[in-house]
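Written out below as structure tokens is the structure these notes cover.
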Amino acid sequence: MAFDIQKILRPHIRNIKPYSSARDEYSGHDGVFLDANENPYGSLTGEAFNRYPDPYQQEIKSKLAVIKGVSPKQIFLGNGSDEAIDLLMRAFCRPGIDNIILLPPTYGMYEVSASINDIAIKKVNLTEDFQIRPKEILAATDENTKIIFVCSPNNPSGNKMKREAIREILVGFEGLVVVDEAYIDFSDEESFTTELANYPNLLVMQTFSKAWGLANLRIGMAFASEEIIRILNLIKPPYNISGLTQEKVLASLEKADAISKVVKTILEEREHLQKDLEGLPFVKKIYPSHANFLLVKVPDAKKMYDDLVSSKIIVRDRSKVILCEDCLRITVGTREENEAFLNSFKKLAGQSLN
Ligand SMILES: *Cc1c(COP(=O)(O)O)cnc(C)c1O
């Protein structure tokens, strides 16, 4: 397949001249900086927040490139994955004309972002066991379909998608295939970043919000061909990642080796939580998880959710989501948090059974 990114790019984006920031025009570190209208005296708290940050986050990218086995030019960093999702819509989808394909039940932001941008949505539901249906997905595409979003491991179901099925979409579709790997660190599946060279229409999203424990900083990653990354950089807000965030992410990357230990602990806790839930007669089903949460089917999810909230235990009620009827999504917490959840859960179920 001769994939040409220029063919799916919105025509006006081709001619855009990006904002040229002071730090674009002079990127050296030494000198008397009188070019960006910054306050030379610093901030009121005495911290060094008065200078604009690196617009392309070069230090993070050079470290991340080694960890992920890609080139720094294949990395885009956004204000959360949400920013990358929005920029993709704006780069490739013409409002009122183009469409994207979503595979429910899945992450809600794709639909929100498409709706904000006036992009039509086509839905091809997952199977009962939450697998993608490549033939149906490809059949649903038309000449205005620009992006297919595949989430693996999937939120809210927790399972990973069959690799061959994702490959089938990558080969059969002439638009962009986004593989959202927000939960990949919790899975034994290899990241699709290793296949970027094989598929010019592939974009892989990951995030610092889950395994890395940095949800508060708002930083997400996108990996793709240099050409696709260049387009995202062209249309992003100039200083989209704050200097404070960059500093903290860099410090975390220095300790990247420790991530496997945190992940191992969370996976052990997930196992523990699952075993306990399996022993409960009112739990109808626990779906297999490759993520840091469990999707659990119970007799009356809405009531169970409300009752848990009354005991100050907050889970996610997914019962209104297609194929997730009467399901709660439970994030794996610390041992103490999981015990607190289980205690309330057992107590409430005992009451409602009587
Ligand atoms: C949590 C999550 C993200 C992360 O979003 P951020 O904006 O990076 O915090 C992305 N995709 C999915 C499917 C998620 O569940």
Side-chain angles (χ1 to χ4, degrees), residues 57 60-61 64 68 75-90 100-114 116 121 123 126 130-132 147-161 166 176-187 189 191-193 202-224 232 236-237 240-242 244-246 248-249 252-253 259 262-263 266 270 287 289-295 314-318 321-324 327-333:
Q57 311 96 24
I60 297 179
K61 284 179 188 173
L64 203 51
K68 300 292 181 182
I75 306 176
F76 170 82
L77 297 174
N79 186 339
S81 308
D82 300 341
E83 182 174 32
I85 295 168
D86 180 66
L87 291 177
L88 288 170
M89 306 274 177
R90 291 202 276 152
I100 61 163
I101 294 189
L102 301 183
L103 317 175
T106 195
Y107 186 48
M109 264 319 282
Y110 316 136
E111 177 155 6
V112 171
S113 193
I116 291 169
I121 296 160
K123 294 183 177 178
L126 299 176
F130 299 123
Q131 284 299 322
I132 57 176
I147 311 176
I148 300 172
F149 283 89
V150 181
C151 190
S152 180
N154 187 44
N155 178 5
S157 55
N159 63 295
K160 61 179 180 181
M161 301 301 167
I166 298 177
L176 206 59
V177 178
V178 174
V179 179
D180 187 345
E181 295 185 337
Y183 300 97
I184 193 72
D185 301 295
F186 303 107
S187 176
E189 189 71 30
S191 169
F192 262 89
T193 50
L202 169 64
L203 181 139
V204 178
M205 289 201 311
Q206 294 182 7
T207 180
F208 283 97
S209 296
K210 308 286 156 61
W212 290 85
L214 298 175
N216 188 277
L217 294 182
R218 308 308 303 130
I219 181 163
M221 306 163 247
F223 306 96
L232 295 179
K236 80 182 183 72
N240 60 327
I241 308 288
S242 82
L244 189 57
T245 295
Q246 292 190 43
K248 297 296 178 188
V249 169
S252 283
L253 287 174
I259 204 102
V262 182
V263 166
I266 292 173
R270 187 185 74 195
Y287 291 89
S289 173
H290 276 254
N292 64 337
F293 57 82
L294 290 172
L295 189 73
I314 324 299
V315 298
R316 199 82 199 266
D317 175 15
R318 298 281 75 182
V321 174
I322 188 149
L323 297 172
C324 298
C327 284
L328 298 175
R329 194 194 67 192
I330 300 147
T331 305
V332 178

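Every heavy atom of this structure was used, including side-chain atoms; hydrogens, water molecules and symmetry mates were not. Order of appearance sets the numbers: ligands from 1, and atoms from 1 within every ligand.
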Given the options K210, Q206, H290, E189, Y183 meets side chain to side chain donor-acceptor pair (under 3.5 Å) only with K210

Mind checking whether T207 and L214 have side chains closer than 4.5 Å, heavy atoms only?
no

Residues at least two apart in sequence or cross-chain that pass side chain to side chain contact (heavy atoms under 4.5 Å, CB included) with R316, listed by chain then number, are R318, R329

### Non-hydrogen side-chain atoms of F192 and I184 separated by less than 4.5 Å
no

Only pairs under 3.5 Å count here: list side-chain donor-acceptor contacts from residues 77-85, not counting sequence neighbours, and write none if there are none.
unit_1, atom_1, unit_2, atom_2, d
D82, OD1, Y107, OH, 3.2
E83, OE1, N79, N, 2.6
E83, OE1, N240, ND2, 3.0

Applying side chain to side chain contact (heavy atoms under 4.5 Å, CB included) to D317 and not counting sequence neighbours gives A301, K302, Y305, S319, L328

Within the 4.0 Å heavy-atom cut-off around ligand 1, the contacting residues, ordered by chain and number, are G80, S81, D82, Y107, C151, N155, D180, A182, Y183, T207, S209, K210, R218

